[in-house]
Amino acid sequence: MTEPIRPQDIKSIKPDEVIEVFNELIQKYWDGTQARFRQDEAVKLVSTKMNKAPKFLFDHHYLDIEDLYRQSGWMVEYDKPGYNESYPPTFTFSKKEVKNDHL
């Protein structure tokens, strides 16, 4: 019997160029604690590497990378302006905190 697909069964596949750009930006902006950079910088770099328009990247959800990096051990925050706010969207990557239950 065929079972319905579960959300955790769906793999988020991103082109290599997307991962390369985010890895480069994390390394570029890493301050020992976190790396914070603007979404527009990532869009410009991925768009150039892939030779695709920014609209193509958004239409295909190529910049929705948060869960992929979380699965690799990062805490990822994507911050965008809310209603009646105006500032550039940013990504922040930091190390996951390790809980020490032995204290």
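Fair warning: this is a prediction, and the values are worked out from it, not measured in the lab. Because only heavy atoms are used, hydrogens play no part in the values below, and waters and symmetry mates are left out as well, while side chains stay in.
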Criterion side-chain contact (heavy atoms from CB on, under 4.5 Å) on Phe93 and Leu25, from CA distance to verdict: CA-CA 10 Å; Phe93 292 80; Leu25 290 172; over 6 Å; no
Greater than 12 external heavy atoms within 6.0 Å of Asn51's CG: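 For Asn51, atom CG is not crowded (no more than 12 foreign heavy atoms under 6.0 Å).
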Heavy-atom closest contact (Pro54 atom, Val43 atom, distance):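 Smallest heavy-atom distance, with atoms named: CB-CG1, 3.6 Å.
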Closest non-hydrogen atom pair, Thr33 against Ser94: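 Where Thr33 meets Ser94 most closely, the heavy atoms are O-CB, 3.6 Å.
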Polar side-chain atom of Lys95 near backbone of Gly32 as donor-acceptor pair, under 3.5 Å: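 The answer is no, because no donor-acceptor pair under 3.5 Å joins these two groups.
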Any donor-acceptor N/O pair, Lys49 side chain to Lys44 backbone, under 3.5 Å: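 Not at all, since once roles are kept as given, no pair shorter than 3.5 Å links the two residues.
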Flag side-chain contact, heavy atom, 4.5 Å: Leu45 against Phe22: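 In short, these two side chains do not touch, never coming nearer than 4.5 Å.
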Contact check, side chains of Met50 and Tyr62, non-hydrogen atoms, under 4.5 Å: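 They are in contact (side-chain heavy atoms under 4.5 Å apart), so the answer is yes.
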Measure the spacing between [atom1] of [X] and [atom2] of [Y] and express it to the nearest 0.5 Å.
| X | Y | atom1 | atom2 | result |
| --- | --- | --- | --- | --- |
| Leu68 | Trp74 | CG | CH2 | 13.0 Å |
| Ile65 | Ser72 | CD1 | OG | 10.0 Å |
| Ile19 | Tyr69 | CD1 | OH | 4.5 Å |
| Leu57 | Gln39 | CG | CD | 10.0 Å |

Glu77/Arg70 salt bridge by N-O under 4.0 Å criterion: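 Salt bridge flag = no for Glu77 with Arg70.
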Side chains of Tyr29 and Gln34, donor plus acceptor under 3.5 Å: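 Their side chains do not contain a donor-acceptor pair, so the 3.5 Å distance test is not met.
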For residues 81-91, dump all side-chain donor-acceptor pairs below 3.5 Å to protein atoms at least two apart in sequence or in another chain.
from: Glu85; atom 1: OE1; to: Gly82; atom 2: N; distance (Å): 2.6
from: Tyr87; atom 1: OH; to: Asp79; atom 2: OD1; distance (Å): 2.9
from: Tyr87; atom 1: OH; to: Asp79; atom 2: OD2; distance (Å): 3.4
from: Tyr87; atom 1: OH; to: Lys80; atom 2: O; distance (Å): 3.0

cation_pi(Lys55, Phe58) dist<6.0 Å, angle<=45: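 No, Lys55 and Phe58 do not form such a contact.
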Leu63 reachable from Tyr78 in the ILVMFWY side-chain graph, under 4.5 Å edges: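 The answer is yes; both residues are in one hydrophobic cluster.
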Worked verdict on Lys28 versus Glu41 for salt bridge (charged side-chain N to carboxylate O under 4.0 Å, His left out): CA-CA 12 Å; Lys28 177 180 179 180; Glu41 184 174 5; 3.1 Å; yes
